[in-house]
2 protein chains.
Amino acid sequence: MDRAECAVMEKFLKGGGLKVTRARKVVLEAFLELEGHMTAELLFTEVKKKDPGIGQATVFRTVKLLSEAGLAREACQDDGAKTYEHAFKHSHHDHLRCERCGKIVEFCDPTIEKAQEAIFVRYGFTPLEHKMQLIGLCAECAAGTGKPDAEGGKS
Amino acid sequence: MDRAECAVMEKFLKGGGLKVTRARKVVLEAFLELEGHMTAELLFTEVKKKDPGIGQATVFRTVKLLSEAGLAREACQDDGAKTYEHAFKHSHHDHLRCERCGKIVEFCDPTIEKAQEAIFVRYGFTPLEHKMQLIGLCAECAAGTGKPDAEGGKS
DNA sequence: ATGCATGCAAAGACTTTGCAAATTC
DNA sequence: GAATTTGCAAAGTCTTTGCATGCAT
């Protein structure tokens, strides 16, 4: 418990009459250590490395708590894999992904942000959030010098 | 078989040594009639209305063919529901969704398109596609005059 | 001490696959 | 006529839930 996220989580738990348990701490730690986007399954694997005694049900339950606490954000890849990413102090960044090697670049573009704002206004909507993914080929893959298929082998 | 999409599908099937079957026609018809985004389940329901004899396996198999043919596009909602939407001559439009009533507005904004292009260039990527969702509250829901919770009751 | 949380395993939801029969080319 | 496709149902994958026990407060 040494990061701001931990304090947020504790506050969230106590505020909701929930308990700060070891399992929840372990899941949060594992979540924080996995920098990027992770599937529930990967998170479970990491949690087990730290504490083999923790069951997947707990991981699933806890990651939902993380979402509610505002620490995690549920996302959904095109292939249907539900993933979680850090949400605390990561407000909204968008993703540029290489179709071939799976590389993910996170970016935030003010022009797009403003344009999105304009869209909300145009249709009379109150903005809440947005999600954007750009999918393309990174320079290496486009040049054919990247490793052929690091993890994009789905269909 | 009277729309351009049907021709595309036929061409795709024959080109791949696949057969144009009644079941596939029915699935394509149902898909075309369902204007918006549909889950595989909803598509299956529609298909059964047209021909109760068609099994869900066929629908699942066929909708994948539609994707391959470029007629359908797999999407994935935040709640994990895998959906399909029209892709033929719908290139890419983006989605503005009301968090509360579930309303979906499709739009296409040149400014954003251009900005996205710029992002690809900035990171040396070759553009393939993009997906964007804006989530907010529509005017009615923001004003509290919309129906409370048409279908957004998830968490 | 109280009551929420846990872990296991079973259940659940959704999608895919195997196989014999039917259909398309 | 040959081979792909179909429909049924079973299997598979991923996630959720039930329940007795364990922990945090």
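Per chain, numbering begins at 1; letters A, B, ... match sequence-line order. Everything quoted here is computed from the prediction, not taken from an experiment.
In this structure, the CG atom of B:L13 is 12 Å from the C1' atom of C:dT24, given to the nearest Å. Summarising the geometry, the separation between CZ on B:R22 and P on D:dT6 is reported as 9 Å, rounded to the nearest angstrom. The CG-P distance, from A:L18 to D:dC23, rounds to 19 Å in whole Å. Put simply, NZ on A:K82 is 10 Å from C1' on D:dC14, counting in whole angstrom units. Taking atom CZ on A:F44 and atom P on D:dT16, their separation rounds to 14 Å, with Å as the unit. Atom NZ in B:K25 sits roughly 10 Å away from atom C1' in C:dT24 (whole-Å rounding). Atom pair A:L65:CG and D:dT15:C1' shows a separation of 15 Å (rounding to whole Å applied). Whole-Å rounding puts the A:L42 CG to D:dT13 P distance at 18 Å.
Under 3.5 Å, the side chains of A:Q133 and A:H95 contain no donor-acceptor pair of N or O atoms.
Heavy atoms of other residues, nucleotides or ligands lying less than 6.0 angstrom from NZ of A:K11 number 12 at most.
DNA chain D is contacted by B:G53, B:I54, B:G55, B:A57, B:T58, B:R61 of residues 49-61 of chain B, taking any non-hydrogen atom closer than 4.0 Å.
Remark: A:R24 is in phosphate contact with C:dT6, judged by side-chain N or O atoms under 4.0 Å from OP1 or OP2. For B:K64 and C:dT16, the shortest distance from a side-chain N or O to OP1 or OP2 is below 4.0 Å.
To the nearest 0.5 Å, atoms NZ (B:K114) and CD1 (B:I119) are separated by 15.0 Å. Going from atom CZ of A:F120 over to atom CG of B:L96 covers 6.0 Å, rounded to the nearest 0.5 Å. Note: B:T58 OG1 to B:F44 CZ = 9.0 Å, rounded to the nearest 0.5 Å.
In this structure, B:A30 and B:V47 approach most closely via the heavy-atom pair CB-CG2, 3.7 Å.
Proximity note for A:V20 (side chain, C-beta onward) versus C:dC25, D:dT25, C:dT6: the nearest is D:dT25.
Proximity of a side-chain donor or acceptor of B:R24 to a complementary backbone N or O of B:K19 within less than 3.5 Å is detected.
Sequence order on DNA chain C of the closest nucleotides to B:K19 and A:T21 puts A:T21 first from the 5' end.
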